[in-house]
K.L.:
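Right, I'll just put the structure down here and ask away after.
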Amino acid sequence: MLKSMSSRLLWGTTALGLMVPFAAQAQGSMGFEEIVVTAQKRAENLQEVPIQVTAFTAAKVEDAGIKSTRDFVAMVPNMSFDESFTYLNSFVTIRGISQLNNADAPVAVVIDGVPQNSQKQFKMNLFDIERIEVLKGPQGALYGRNASGGAVNITTKQPTNDFEGFINGSYGNGDAIDLSGGISGPIIQDKVLFRIAGSYRQDDGRINNTFTNNNVDFVDHDYSVRGMIKVLASDNLTFDFRASYQDFQAGGLYDAPIFGANPLTTNSANIIADPQANIEGLTFGNIFEATFKFDYDMDFATLTGITGYTKLKEAYRGDLDFTSALGLGQAQDLDTKLLSQEIRLVSNADQAFRWIIGGFYIKTEKDLFTRAWLDVDGSRDNVNDEALRAITRLGEDRNNAYALFAQFDYDVVDNFTIQGALRYDRDKRKIDGYDNFFGTVTPQSGKKSFDAIQPKVTLTYKFDGEKLAYATYSTGFRSGGFNAPGVMPEIFEDETLQNFEAGFKTSWLNNRLIINGAVYFQKVDDFQIFFVDGPNAAQYLANIDKVDIFGVELEVQAMPIEGLELFGSIGTTDTEIKRNTLDPTVVGNQTPKNTKIKINLGFQYRMALADDLSGIIRMDYEHRGKKYWQLNNVDIQSPVDLINARAGIEGDTWGIYVWGKNLTNEEYYGDFNPSEYSGMAYDIGFRAQPRTYGVEARYKF
């Protein structure tokens, strides 16, 4: 196993290294554009930020055909995205820290300055996007609780003072339709601006249920609309209003049972099985979001306030045993309301001493209503028949979280900077509910607070205007909480993390070659893990006492000739369970859902074909190393190699493309639950998407 991983790492490093001499032959003035990011709450050149950040500009989003969260995560080292169970459900893992079902995420997700604090908000359709920034490593000092793995900062395109718009359409196998469009311009010239954008998806699916002979990964509909108004009240005061709505209905719960192998001793993660449930899964719901933001330039600093409100509903109905036999059905209704407020004061950037101070508050109300019923005829409608009801469970979570934070940067000399940050988070949680298990009612009521101080210190040395090295000590904190009524343990503890990191960022040959990298070591206390309890229709969380994580990252971009871009990255994450009271036999193992190595390689070539006409061809290769699904490390998914390609012709305002994803039609699981950790008699796996392909057209005006 070690030899295989080493050979992959050597192969990937060699491939990346070939870019360097190739790029060194480049002549001329071409180079990569400077990317400005807001990773540290202020506009900065990406190459001057002492954090490993993978950034996608609007042009990169279009060129790579990024339409969803899955698409950009696939290109980020040491980051994975597993889709599972319901339409909105996903598990993101970054540097070994994983997202958990019905729990706080390990990655802070921020859209236009507003935190997305529900797990169900990370899987999203991406349209009309200005920039995506992925910050790796704990970002608790500025982003707060639940940023122990990193942060994702997404900026949508803003209202403009000139009329403009776009239309985009795609058609793919499975009769998949993906449409988006938008328009922007002034309501009052130079004073009040607007932007409206929307998307629509429909898909007949590609994964077949062998019992019903219907595709289970269908999307009946998924439409979104987003509107923004920007008011330029004065030279130094701006107001932004933003609202969005999404409605969806799609397949779900199409885990496949894996028979014919001993689940206790056999690695079933590579036995690809087809869904066969007699109750076909369905997910439906909607999300409403509203935001108000103001920026006030006070000459010496900018005062910003951001208020966000979210109302999210997701419900599912489906099979509980996932087989074609009559057994049990399951249903869950999730209703979440989020109200957040951030206020911060950011000093001007043109001074040796720069600072940020602020405060944050979020109120969360989450109601989770779960049922299991006797399956008598394979109908989802039996969920409403109380005579067939086996399990009823209601949990009402109430959460109030507060934070104060500050950060400073001080240029000791022109090329040496000290950065310090400190944040205090306090999370007050309360739960009320009950569990009715075959007529036995167990009430639940509890209160608990979790808090943490998150410091960060970074030393940055700039060798010149294009090269720097940094060393960082940073921390992360993921709040604990309550499991559902009747589920043990009743409380899972908060997770804390210490990160020690050294890295570099370099640009060469007039920005035609960019090489960034880092090495990091993390110590995690009370590492949070997720289990499924199938027979009891329950999901619950627990803790591993201590986990160590070690890894490296390397990202390279090269432009050897005009129009040709080469890019690649390598990320390794080695996790080790150091102590586990829950199960001492797993000490020394990898943590659940960890992938030890990930390699990305690709190229893009844009060439002139005629006046105002160009061609583009792009290919992306992703290698995912072995994936360890659970604590005992018995079920290990073999390495997966994925190839995506895209080609087209473009004019000044239009483009026509053909595209394909997973071109070699790799078969693998997007999620996998061994029987030892689900309480079922067999393992179950959630199929990932097979090969998809189609055509796309785009028009801008």
K.L.:
If we ignore angles and hydrogens, is there a donor and acceptor under 3.5 Å between the side chains of N516 and Q52?
P.N.:
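Short answer, no.
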
K.L.:
Start with the C-alpha gap between Y473 and F500, add the side-chain angles, then the distance that decides, and say whether ring-ring contact (aromatic ring centres under 6.0 Å, His included) holds.
P.N.:
CA-CA 5 Å; Y473 169 76; F500 306 86; 5.2 Å; yes

K.L.:
Just by distance, no angles: are the side chains of Q498 and D525 close enough, under 3.5 Å, to form a donor-acceptor pair?
P.N.:
no

K.L.:
With sequence neighbours left out, which residue pairs that include part of residues 257-272 fulfil the side chain to side chain donor-acceptor pair (under 3.5 Å) condition?
P.N.:
S268-D683, N270-S638

K.L.:
Walk me through whether F248 and Y87 qualify under ring-ring contact (aromatic ring centres under 6.0 Å, His included).
P.N.:
CA-CA 9 Å; F248 58 89; Y87 184 59; 5.6 Å; yes

K.L.:
Would you say the side-chain atoms of E133 pair up with the backbone N or O of A39, donor to acceptor, closer than 3.5 Å?
P.N.:
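Here the side-chain-to-backbone pair exists.
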
K.L.:
Between E553 and R95, does a side-chain contact (heavy atoms from CB on, under 4.5 Å) hold up when you go through it step by step?
P.N.:
CA-CA 10 Å; E553 289 171 1; R95 287 189 174 182; 2.9 Å; yes

K.L.:
Just by distance, with hydrogens left out, do S479 and D494 show a side-chain donor and acceptor under 3.5 Å apart?
P.N.:
no

K.L.:
Under 3.5 Å, is there a donor-acceptor pair linking the side chains of E493 and N543?
P.N.:
no

K.L.:
When you compare the side chains of N594 and Q590, does any donor N or O come within less than 3.5 Å of an acceptor on the partner?
P.N.:
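Result is yes, a qualifying pair exists.
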
K.L.:
Do T336 and E365 meet the criterion of a side-chain donor-acceptor pair at a distance under 3.5 Å?
P.N.:
no

K.L.:
Under the side-chain contact (heavy atoms from CB on, under 4.5 Å) rule, collect the residues that match up with S90, sequence neighbours excluded.
P.N.:
F81, Q99, F122, K123

K.L.:
Are more than 12 heavy atoms, taken from residues, nucleotides or ligands other than L326, located less than 6.0 Å from that residue's CG atom?
P.N.:
yes

K.L.:
Is the positively charged end of R426 above the ring of F450, judged by distance under 6.0 angstrom from the centroid and angle within 45° of the axis?
P.N.:
no

K.L.:
For F91, is the NZ or CZ atom of K593 found under 6.0 angstrom from the centre of its six-membered ring and inside 45 degrees of the ring axis?
P.N.:
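Relative to the ring axis of F91, which defines the angle, K593 lies inside both limits.
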
K.L.:
Would Y682 and F259 count as a ring-ring contact (aromatic ring centres under 6.0 Å, His included) if you check the C-alpha gap in whole Å, the side-chain angles of each, and the deciding distance to 0.1 Å?
P.N.:
CA-CA 7 Å; Y682 39 82; F259 300 120; 5.0 Å; yes

K.L.:
Are any side-chain N or O atoms of N209 and backbone N or O atoms of A277, one a donor and one an acceptor, separated by less than 3.5 Å?
P.N.:
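It does hold such a pair.
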
